[in-house]
Amino acid sequence: MNNPWAFSRPRFLMCRPEFFAVRYSINPWMDPKSWADSGMLLHATAMQQWAGLHRTLLASGATLEAIEPAPSLPDLVFTANAAVVLDRKALLASFRHPERQRERPALAAGFRALKARGLIEEIVEMPEGITLEGAGDCIWDQRRGLFWVGSGFRSDAAASAVIGEQFGAPCLPLTLADPSFYHLDTAFCVLSHGDVIYFPGAFTAEALDTIHAHVVPNARIALDRADAARFAANAVCIDRTVVLSSCSVRLRGALEDRGYRIIETPLETFQRSGGSACCLTLRLDHQTKASSTLMGRSRLLENSYCEEG
């Protein structure tokens, strides 16, 4: 008999960092001169670190799809920004900066290839004049059956209405306040059983009120600035496994106390461009229909936390 709580094999989109480099600066982490001083060594390290993440995800039970890299698109490796995907429908990204707007033809071709293989059923585009940088600023919360939507630096607040219309799901807007955490996924991560990792300093007071109103205290895992600067919130969660570049002993303990297994795989080279594990992946198999089962399971977990407290 099938276990109704069993997780299906997750599917992610990735892109080899064959042409990855810091060639321009569109966020506070990017320093082209520093990269140029050691570019060959840094590129070799990036290839090794990406391969380590790839191996880790495969070993953790993921299925990995690929989009081909392109010489003039160094940030194509950050596939999280490519689109928002739910129920096999892809809403393609609309980028703010010209440097990344050049990725749109390659991404559109990549999603057409996924559609031809039956992995995507529908591809839609953002309306003209509204920016949304994919899942970097739009995080699906399976337990709560909603999107958390970031804005303030890269994506427009108006994107929430478009997302809600396209996917028929509620959207909770979160305005970002610190340019070092320019995408929502650099400071906010929803784990598979309803817990939320977040860096309070990345958000406006109103956004923090929204988080606190929808996430019970025992499910909140607040980061200090040191863990936030390690991109600890930019993690990939597969059932009870959390994959990230690095984290403090304190954060590891908080996650392990909640039953998660932590795997560190170094990604510091990509952090020079403002990204880490989550930025290097895009989940392709999120489904709204799974929400009711997971919500029931998460409520049981929340009750157990309360009883223990």
Side-chain angles (χ1 to χ4, degrees), residues 13 27 78-87 89-97 100 107 122-192 194-215 219-220 223 228 231 233-237 274-275 278-279 281-284 286-288 291 294-295:
L13 180 67
N27 69 56
F78 297 120
T79 52
N81 307 139
V84 177
V85 182
L86 181 66
D87 294 332
K89 180 178 186 177
L91 175 61
L92 298 184
S94 174
F95 292 100
R96 182 168 300 279
H97 294 290
R100 298 211 63 184
L107 294 173
E122 185 180 0
I123 301 170
V124 294
E125 297 191 2
M126 289 292 295
E128 286 294 325
I130 300 179
T131 62
L132 173 65
E133 300 207 345
D137 269 330
C138 186
I139 296 174
W140 175 243
D141 188 329
Q142 191 77 66
R143 180 257 181 264
R144 297 171 182 87
L146 55 81
F147 284 109
W148 300 90
V149 183
S151 66
F153 296 105
R154 295 294 190 83
S155 299
D156 293 329
S160 287
V162 179
I163 296 162
E165 180 180 353
Q166 289 292 340
F167 295 105
C171 295
L172 293 178
L174 299 175
T175 304
L176 299 167
D178 185 333
S180 292
F181 304 96
Y182 58 95
H183 278 151
L184 181 60
D185 69 355
T186 64
F188 188 90
C189 178
V190 179
L191 302 182
S192 57
D195 299 296
V196 171
I197 301 171
Y198 70 112
F199 173 49
F203 299 96
T204 64
E206 183 179 3
L208 285 176
D209 287 345
T210 299
I211 294 170
H212 295 161
H214 292 84
V215 182
R220 301 177 205 154
L223 302 183
F231 287 80
N234 198 247
V236 176
C237 188
C278 183
C279 289
T281 64
L282 175 65
R283 188 77 181 254
L284 296 175
H286 281 313
Q287 299 283 330
T288 54
S291 296
L294 290 181
M295 285 176 69

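Quick caveat: nothing in here was measured; it's all calculated off a predicted structure.
- The shortest distance between side-chain heavy atoms of Val196 and Phe188 falls below 4.5 Å.
- In this structure, OG on Ser180 lies 9.0 Å from CZ on Phe199, to the nearest 0.5 angstrom.
- Annotation: the span from His286 atom NE2 to Ile139 atom CD1 amounts to 9.5 Å, rounded to 0.5 Å.
- A perpendicular orientation is assigned to the rings of His214 and Trp148, their planes being inclined by more than 60° (bins at 30° and 60°).
- Atom-to-atom distance recorded for Asp141:CG and Leu172:CG is 8.5 Å, nearest 0.5 angstrom.
- Residues Phe231 and Gly274 approach most closely at CE2-O, 3.4 Å, considering heavy atoms.
- Taking each heavy atom of Phe78 and Gly275 in turn, the nearest pair found is CE2-CA, 3.9 Å.
- Looking only at side-chain heavy atoms (C-beta outward), Leu184 and Val149 stay at 4.5 Å or farther from each other.
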Working for side-chain contact (heavy atoms from CB on, under 4.5 Å), residues Met126 and Leu91: CA-CA 7 Å; Met126 289 292 295; Leu91 175 61; 3.7 Å; yes
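- Pro170 approaches Gly145 most closely through the heavy-atom pair CD-O, 3.4 Å.
- Looking at residues two or more places apart in sequence or on another chain, you find no side-chain contact (heavy atoms from CB on, under 4.5 Å) involving Asp209.
- Side-chain atoms of Leu282 and Leu284, non-hydrogen and from C-beta on, do get closer than 4.5 Å to each other.
- Taken to the nearest 0.5 Å, the CZ atom of Phe167 stands 14.0 Å off from the CG atom of Leu146.
- Side-chain atoms of Asp185 and Cys279, non-hydrogen and from C-beta on, do get closer than 4.5 Å to each other.
- For the pair Arg144 and Val215, the minimum side-chain heavy-atom distance is below 4.5 Å.
- With Tyr198 contributing its side chain and Phe203 its backbone, the two residues share no donor-acceptor pair below 3.5 Å.
- Atom CG of Asp195 sits about 12.0 Å away from atom CZ of Arg220, to the nearest 0.5 Å.
- More than 12 heavy-atom neighbours from other residues, nucleotides or ligands sit within 6.0 angstrom of CD on Glu122.
- Using a 4.5 Å heavy-atom cutoff, the side chains of Lys89 and Val124 are in contact.
- The shortest side-chain heavy-atom distance between Asn81 and Phe95 falls under the 4.5 Å cut-off.
- Judged by distance alone, the side chain of Thr175 and the main-chain N or O of Ala207 form no donor-acceptor pair under 3.5 Å.
- Smallest separation of non-hydrogen atoms from Gly201 and Asp178: O-CB, 3.9 Å.
- Within the 4.5 Å cutoff, the side chain of Trp140 has heavy atoms near those of the Thr288 side chain.
- Using modelled atom types, one side-chain atom of Gln142 and one backbone atom of Gln287 make a donor-acceptor pair closer than 3.5 Å.
- Separation of atoms SG (Cys237) and CD1 (Ile197) is listed at 8.0 Å; rounding is to 0.5 Å.
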Would you mind writing out the side-chain donor-acceptor pairs for residues 152-164 within the sub-3.5 Å range, not counting sequence neighbours?
unit_1, atom_1, unit_2, atom_2, d
Arg154, NH1, Glu133, OE1, 2.8
Arg154, NH2, Ile26, O, 3.2
Ser155, OG, Glu133, N, 2.9
Ser155, OG, Asp137, OD2, 2.7
Asp156, OD1, Arg96, NH2, 2.6
Asp156, OD1, Thr131, OG1, 3.3
Asp156, OD2, Thr131, N, 2.9
Asp156, OD2, Thr131, OG1, 3.2

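- Counting all heavy atoms, side chain and backbone alike, Ala202 lies closest to Ala187 at CB-CB, 3.4 Å.
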